[in-house]
Amino acid sequence: MANEEATAQIRAWFTGRLPEGWFTGAPEIVRDREEIAVLGTLQEPEAEGSEAERVALVDGLIRRFREETRDRRIEIAKEAERRFRQKVSWGVVCGGETVMFTTLSVPVMTRLRQSERQVLDTLVAAGVARSRSDALAWCVRLVGKNTDTWLTELRDALQHVDRVRSSGPDVNS
């Protein structure tokens, strides 16, 4: 099954499985090899007052949603994990804020040259990160944040490749 088709199937399953009223629409599904992230949009709050009051209102709505839906989310996640053989994480978008409740932290091995290790060691020495591992994660987040448009175009191109592959002849027959 092509990656795009599998993601569409998972999105449809979650949309059908989630209780009415949790989110303003179908959840966004973000997948990789290890994890399915379910990201739903909460009703936008009608905030009057200062920016600090709006931030506090959004924070309160997100916290309330997390607490009130915890048991049901765990039940749905366990069912999805058995069905799709991937871990499930949850998050919400509300008032322009994105908050992930649960996510996996997966170890990744890499080989770095001395100059690259020195970059990580500098980040650790400066207190930006506690370890080389944290420093590397910080670097990846920074690159992802600053190259979001490029990464989006690359992901779109990969989806196109998946579509072309799935429409081609079956070479396994």
Side-chain angles (χ1 to χ4, degrees), residues 1-11 13-14 23 27-42 51-52 55-56 58-59 61-63 65-67 69-70 73-74 76-166 168 171-172:
M1 183 182 311
N3 190 32
E4 188 176 316
E5 184 181 332
T7 301
Q9 181 184 21
I10 291 169
R11 182 180 302 104
W13 185 87
F14 272 101
F23 304 128
E28 177 184 358
I29 302 297
V30 181
R31 291 180 60 230
D32 65 11
R33 289 182 285 191
E34 293 84 18
E35 180 177 23
I36 300 168
V38 180
L39 192 62
T41 302
L42 300 179
E51 179 63 17
V55 168
V58 168
D59 182 59
L61 290 171
I62 291 171
R63 287 176 185 266
F65 177 85
R66 183 177 189 181
E67 292 301 317
T69 62
R70 176 174 279 123
R73 284 185 293 109
I74 290 170
I76 293 168
K78 285 180 180 178
E79 186 179 340
E81 287 168 5
R82 282 190 304 272
R83 181 180 181 108
F84 301 113
R85 299 174 194 240
Q86 287 182 283
K87 289 293 186 182
V88 174
S89 62
W90 296 90
V92 294
V93 176
C94 184
E97 297 292 321
T98 299
V99 177
M100 295 303 296
F101 302 150
T102 53
T103 58
L104 291 181
S105 181
V106 178
V108 177
M109 289 285 297
T110 186
R111 295 182 187 277
L112 299 175
R113 299 194 190 298
Q114 185 180 38
S115 63
E116 296 160 335
R117 293 190 310 268
Q118 287 174 338
V119 170
L120 300 181
D121 291 341
T122 300
L123 293 171
V124 172
V128 172
R130 294 176 305 208
S131 64
R132 283 180 170 176
S133 178
D134 286 343
L136 187 56
W138 182 85
C139 290
V140 169
R141 283 191 301 273
L142 185 63
V143 168
K145 178 181 170 187
N146 291 319
T147 60
D148 192 44
T149 302
W150 181 80
L151 288 173
T152 299
E153 289 175 9
L154 186 59
R155 288 183 187 112
D156 290 345
L158 288 171
Q159 287 179 348
H160 179 71
V161 168
D162 281 345
R163 282 192 300 272
V164 171
R165 270 194 197 128
S166 67
V171 295
N172 295 325

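We use all heavy atoms of the structure for the numbers below, so side chains are in, but hydrogens, waters and symmetry mates are not. Quantities reported herein were computed from a predicted structural model and do not represent experimental measurements.
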So which heavy atom on [X] is nearest to which on [Y], and how close?
X    : Y    : value
V58  : C94  : CG1-O, 3.3 Å
A135 : A129 : N-CB, 3.3 Å
R111 : E116 : O-OE1, 4.4 Å
V88  : E81  : N-OE2, 3.0 Å
A37  : M100 : CB-CE, 4.1 Å
C139 : L120 : SG-CD2, 4.2 Å

### Task
Show your working on side-chain contact (heavy atoms from CB on, under 4.5 Å) between I74 and K78 and close with a plain yes or no.
CA-CA 6 Å; I74 290 170; K78 285 180 180 178; 3.8 Å; yes
### Query
Is the backbone N or O of W90 less than 3.5 Å from a side-chain atom of R73, with the two atoms forming a donor-acceptor pair by type?
no
### Query
Taking everything shown except R63 itself, do over 12 heavy atoms lie less than 6.0 Å from its CZ?
no
### Message
How about CD on E34, more than 12 heavy atoms from neighbouring residues, nucleotides or ligands closer than 6.0 Å, or not?
### Response
yes
Is [Y] close to [X] at the side-chain level, that is, under 4.5 Å between some pair of heavy atoms?
X    : Y    : answer
V161 : R165 : yes
D162 : E5   : no
W13  : I76  : yes
Q86  : I10  : yes
L61  : F65  : no

### Message
Once rounded to the nearest 0.5 Å, what's the spacing between atom CZ of F14 and atom CD of E28?
### Response
13.0 Å
### Summary
d(R117 CZ, R132 CZ) to nearest 0.5 Å is 6.0 Å
Distance-only donor-acceptor hits, side chain of residues 151-160, under 3.5 Å, sequence neighbours excluded:
residue	atom	partner	partner atom	Å
T152	OG1	D148	O	2.8

### Query
Taking it one step at a time, do E35 and V30 satisfy side-chain contact (heavy atoms from CB on, under 4.5 Å)?
CA-CA 8 Å; E35 180 177 23; V30 181; over 6 Å; no
### Message
Between V93 and F23, is the side-chain contact (heavy atoms from CB on, under 4.5 Å) condition met? List the steps.
### Response
CA-CA 9 Å; V93 176; F23 304 128; over 6 Å; no
### Task
Apply the test side-chain contact (heavy atoms from CB on, under 4.5 Å) to residues D134 and W138: give CA-CA distance (whole Å), side-chain angles for both, the deciding distance (0.1 Å), then the verdict.
CA-CA 6 Å; D134 286 343; W138 182 85; over 6 Å; no
### Query
Would you call R70-E67 a salt bridge at under 4.0 Å N-O?
yes
